[in-house]
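One structure is given here, and the rest of the page talks about it.
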Amino acid sequence: MGVEVLEERVPSWETFPFSLPAVRALDGLRFTTPVTFFVGENGVGKSTLLEAIAIAFGFNAEGGSRNFNFASHETHSPLHEAVRLVKRPKGPSDGFFLRAESFYNVATEVERLGAVRGYGDRSLHELSHGESFISLTMNRFWGDGFYIMDEPEAALSPTRQLAFLVRLKDLVARGSQFIIATHSPLIMAFPGATIYEISDGGLREVRYTETDHYLVTKRFVNDPERMLERLFRDE
């Protein structure tokens, strides 16, 4: 699978979101491994790219499967209108778009549709944020799917993030493909994944141990006292 930006559909490269360096570098991007990560600082366009790919694939902008059709507050960018997906010959039999910021709205829509049974046979609103996320991946993600996830770590403790990696491995073994935007050095450690770092300089493939997330976390864990002393002194 891959993604292309059609220049003839870009109204202006000087306006958001087309002015983002990552969007300019997006053309011809291919997802050649079962798991692809988008990483980078806040505000560089990770969620914007993920959202455009999801909508172009047919997912609801606020999340859910391709059968979801609701909107509580439309804020998505027009990038999806200029994006074309290059799909594999045999399409996935399942799919879901999960974004942490609007998961509550998705859970509400699940109840409105009377689809609770397919999500663990218990209201997602009755569970903690982390429990509802794990229930979603265990009960609703069936495999042979295309899953897009925006900052899944927002719901998960470190231990639950490790449990998510186990579930990720299981779903990949079932022929699934994932595109995930994350800040978590635990989640992005998934073996064999492709990592694209998004910055003001554009988009480039990096190794796990080259990411700021790994490097900063490693420095802090190895010597938190010294790191905090330096941080507070600089302040």
Side-chain angles (χ1 to χ4, degrees), residues 1-5 17 20-54 56-57 59 63 79 83 85-88 92 95-101 133 137 141 145-222:
M1 183 172 290
V3 59
E4 299 174 345
V5 175
L20 290 170
V23 173
R24 293 176 179 268
L26 188 63
D27 192 34
L29 184 65
R30 296 292 182 266
F31 306 116
T32 58
T33 55
V35 179
T36 300
F37 291 115
F38 287 161
V39 306
E41 281 297 329
N42 297 323
V44 295
K46 299 187 304 299
S47 295
T48 300
L49 294 184
L50 218 62
E51 175 189 82
I53 294 170
F57 190 77
F59 292 127
L79 178 57
V83 162
L85 296 186
V86 180
K87 302 179 181 179
R88 59 192 186 188
F96 206 90
F97 177 32
L98 171 73
R99 54 192 319 172
E101 66 181 25
F133 173 83
T137 60
F141 289 15
F146 180 48
Y147 304 108
I148 300 177
M149 312 182 82
D150 190 10
E151 299 186 4
E153 71 275 9
L156 302 176
S157 70
T159 300
R160 285 295 178 91
Q161 289 182 43
L162 296 177
F164 170 65
L165 288 178
V166 175
R167 182 58 175 161
L168 191 61
K169 181 177 183 295
D170 178 49
L171 289 165
V172 165
R174 298 186 191 184
S176 300
Q177 185 170 22
F178 285 82
I179 303 176
I180 303 172
T182 182
H183 293 289
S184 169
L186 294 179
I187 290 177
M188 69 178 70
F190 187 82
T194 299
I195 302 177
Y196 287 111
E197 181 182 72
I198 300 174
S199 69
D200 291 336
L203 182 151
R204 69 185 184 103
E205 185 175 347
V206 297
R207 293 181 298 176
Y208 171 63
T209 53
E210 294 175 333
T211 64
D212 286 342
H213 309 72
Y214 170 84
L215 294 171
V216 171
T217 302
K218 181 180 179 181
R219 292 192 198 107
F220 188 89
V221 170
N222 286 343

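Residue numbers run from 1 in the order of the sequence given. As the structure is a prediction and not an experimental result, all values here were calculated from the model.
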Hey, mind stepping through His183 and Lys46 against side-chain contact (heavy atoms from CB on, under 4.5 Å) and telling me if it holds? CA-CA 10 Å; His183 293 289; Lys46 299 187 304 299; 3.5 Å; yes
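- Expressed to the nearest 0.5 Å, how far OG1 of Thr194 lies from CD1 of Ile179 amounts to 10.5 Å.
- Residue Arg99 holds its CZ atom at 8.0 Å from CG of Leu50, rounded to the nearest 0.5 Å.
- Under the ring-ring contact (aromatic ring centres under 6.0 Å, His included) criterion, Phe57 pairs with Phe59, Phe146, not counting sequence neighbours.
- Distance check: Glu151 CD to Leu98 CG gives 10.5 Å after rounding to the nearest 0.5 Å.
- The CD atom of Gln161 lies 5.0 Å from the CG atom of Leu186; values are rounded to the nearest 0.5 Å.
- Taking the six-membered ring where tryptophan is involved, the planes of Phe141 and Tyr147 are essentially parallel, since the angle between them stays under 30° and well short of 60°.
- Residues that satisfy the ring-ring contact (aromatic ring centres under 6.0 Å, His included) test with Tyr208, not counting sequence neighbours, are Tyr214.
- Considering all non-hydrogen atoms of both residues, Gly201 and Pro21 come closest at C-CB, 4.2 Å.
- Two residues are said to be in side-chain contact when any heavy atoms from C-beta on lie closer than 4.5 Å; Lys169 and Leu165 fail this criterion.
- Screening residues 149-177 for ring-ring contact (aromatic ring centres under 6.0 Å, His included), with sequence neighbours left out, gives Phe133-Phe164.
- Crowding of Glu210 atom CD: a count of heavy atoms from other residues, nucleotides or ligands under 6.0 Å exceeding 12.
- Side chains of Val172 and Phe190 form a contact here, defined as non-hydrogen atoms less than 4.5 Å apart.
- The nearest pair of heavy atoms linking Leu171 to Thr137 is CD1-O, 4.4 Å.
- In terms of heavy-atom proximity, Ile148 sits nearest to Ala54 at CD1-CA, 3.5 Å.
- A salt bridge links Arg30 and Glu4; the closest N-O separation between the charged side-chain nitrogens and carboxylate oxygens is under 4.0 Å.
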